[in-house]
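For reference, positions follow the sequence shown, starting with 1. Keep in mind the model is a prediction, meaning the values are calculated, not measured.
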Amino acid sequence: MTWRRYAPLALLGFLLAFGIAQFQRFPGYLDSDYYFGGGIQLAIGKGFTEPYLWNYLDNPTALPHPSHSYWMPLSSVIAAAGLWLARSTSYAWGRLGFLLLAGMVPVLTAKLAFDFTRRSDLAMTAGLLGVFTVYYAPFLPVTDNYGPYLVLGACFFLTMGWSNPVSYLLLGAISGLLTLARSDGLLWFGMAIAVAGIRWLRHRSVRTALTGMLLAGAGFLLVTGPWFWHTYHVYGTLLAPGGSHLLWLKSYDETFVYPAAQLTSRSWLAQGWEPILATRLMAFQWNSLNAFAAQAAIFLLPFIFIGIWMCRKDERVIIALLGWSSLFLTMTLIFPFAGARGGFFHAGAGFQPMWWTLAPVGLDRTIAAARKRGMFTPQASKVFQAALVGLVVLMTGVILWIRVLPGWGEGEQDYPKVESFLKQHGVADGDIVMVRNPPGYYLMTGRPAIVVPDGDEVTMSAVADRYGAKFLVIEDAGAAGPIRDVYNNLNSTRFTYLGNVDGTHIFRVVQ
């Protein structure tokens, strides 16, 4: 295929993302708020620091706090590049890199499909699946790691098609970038090592396998080494210390628990095996639904399976299945709450170019089998490919209609009104606010903020005292469990009720 085939795909991918972005005036949810906030900090010269806390897992001491101790920095770096280029801190420029990545996704998907099939029609169909991404479409324009994962995942499988030693170095480097996008990118480094292992099993060359593994390791460390050194300099460990607490969560809300030291293996085992197994069954159900509905877009699933079977001997398919299965098990058994709450959907984006490549292969094989039985005409393949693309266009439109057009955001748009209320009640410059989405509050108001902890009034008091919070903001949508009790208690001796803004209760912390 020539650039004349790829250029329209790039333009379509960019224009669709750009069009969606016109309905997204701000990042819209905690993850993307965080990455954009980190981009602003980098662009204005404050480095990897943040004027907000969205969890207490690494036992933070004060604001400002070292950034990216939970989420990785690549998406913030991409956002910062657009801001630096424009000498601006506006969201429109922060998402520039992500719009460009959206244009790259269909091109790389089409290239991968052409490498598999050597057929331009199937490659174009795969590329169009990379334009109209159904459930992923609303998130491609935002400052999150969907775009980086889609692009880097495609690059990983494309690089696997090469057979020279440099490819191992590149596989390690790509897996390093995936790790800098998300911590589960480490899985991709394992996949890079597995590539060398599979080739050793096939060719029985120990020297080639060891060389491949060493080169992959070198590429990985070349990319990730500076970040690991930064983390070591800040925390004294290669990985931020808070991550180990996630193994012992008994509910998703405990991600925001204070102090995090109470998350231990002993407390986890004390809940008993019944809730432990029930949690993993829940994660299995949600992750399976995600795989069926979001990653396979429902009707692509049978064609993906057929495509996998047709290409089952291809190393890229073997590695993709190994990696995806490992991810599914990790997000089901080890991190069930993160997986079921979106982690599997996020991390699964890296494998999407492979599934979009294999779906047209499966469709073509299905039509060929039907034609052998006297069904359809020679033009049937093109007709069904067009129908397949038509369905994903329709489904993408439906998802955008449901998810984006009614209004984008999860409450950040109300924060300026909350800030105006606080100013009427004497908030001073630099006063810290305790709120559900601290990065979002900072982006919308410029005020430092910390997260409302998962706990009762005693816990909130302890957090307010340690970090110097002056006001407590509890949104109706974020008030559950013991937080709801504080939300409803308008006569607290520690939190003086000031009033509400559209259902958000605002309290002054009594010093």
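Taking the six-membered ring for Trp and thresholds of 30 and 60 degrees, F228 and F220 have ring planes inclined between 30 and 60 degrees apart. Aromatic ring orientation, W71 versus W54: parallel (interplanar angle below 30°, classes split at 30° and 60°). Aromatic ring pairs are classed by plane angle as parallel below 30°, tilted from 30° to 60° and perpendicular above 60°; the pair F256 and Y252 is perpendicular.
Counted by atom type alone, Q295 and W324 present one or more donor-acceptor pairs between their side chains at under 3.5 Å. If you check the side chains of Q24 and Y91, you find no donor sitting under 3.5 Å from an acceptor. Between the side chains of Q41 and Y442, at least one donor-acceptor pair of N or O atoms lies under 3.5 Å. Using modelled atom types, one finds a donor on one side chain and an acceptor on the other under 3.5 Å when comparing N287 with T332. Side-chain contact annotation: Y135 with N290, donor-acceptor N/O pair under 3.5 Å absent. If you check the side chains of T49 and H65, you find no donor sitting under 3.5 Å from an acceptor.
In this structure, H230 has its ring center closer than 6.0 angstrom to the ring center of W227. Between F351 and F328, the distance from one ring center to the other does not fall under 6.0 angstrom. Ring to ring, Y441 and Y52 are not that close: their centroids are 6.0 angstrom or more apart. Centroid-to-centroid, the aromatic rings of Y136 and F345 come within less than 6.0 Å.
Under a 3.5 Å cut-off, the side chain of T143 and the backbone N or O of S32 do form a donor-acceptor pair. Without hydrogens or angle criteria, S267 side chain to T264 main chain gives a donor-acceptor distance under 3.5 Å. Remark: side-chain polar atoms of R466 are paired, donor with acceptor, to backbone N or O of P60 under 3.5 angstrom. Of the possible polar contacts, none joining the S167 side chain to the S163 backbone as a donor-acceptor pair under 3.5 Å is found. Side chain of T125 to backbone of D121: a donor-acceptor contact under 3.5 angstrom is found. Side-chain N or O atoms of E412 include one that pairs as donor or acceptor with a backbone N or O of E410 at under 3.5 Å. When atom types are taken as modelled, the side chain of R365 and the backbone of G362 share no donor-acceptor pair closer than 3.5 angstrom. In terms of modelled atom types and a separation under 3.5 Å, the side chain of S76 and the main chain of Y35 share a donor-acceptor contact. The closest donor-acceptor contact from the side chain of T133 to the backbone of G130 lies at 3.5 Å or more, if one exists at all. A side-chain donor-acceptor contact under 3.5 Å links W408 to the backbone of F26.
Cation-pi geometry between R266 and W268 is not met at under 6.0 angstrom from the ring centre and within 45 degrees of the axis.
Environment of CZ in R4: sparse, with no more than 12 heavy atoms of neighbouring residues, nucleotides or ligands closer than 6.0 Å.
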Give every donor-acceptor pair under 3.5 Å between a side-chain atom in residues 184-192 and any protein atom, sequence neighbours left out.
{"from": "D184", "atom 1": "OD1", "to": "Y149", "atom 2": "OH", "distance (Å)": "2.6"}
{"from": "D184", "atom 1": "OD1", "to": "R182", "atom 2": "NE", "distance (Å)": "3.3"}
{"from": "D184", "atom 1": "OD2", "to": "R182", "atom 2": "NE", "distance (Å)": "2.9"}
{"from": "D184", "atom 1": "OD2", "to": "R182", "atom 2": "NH2", "distance (Å)": "2.7"}

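Under the side-chain contact (heavy atoms from CB on, under 4.5 Å) criterion, L246 pairs with L57, Y70, L249, F335, sequence neighbours left out.
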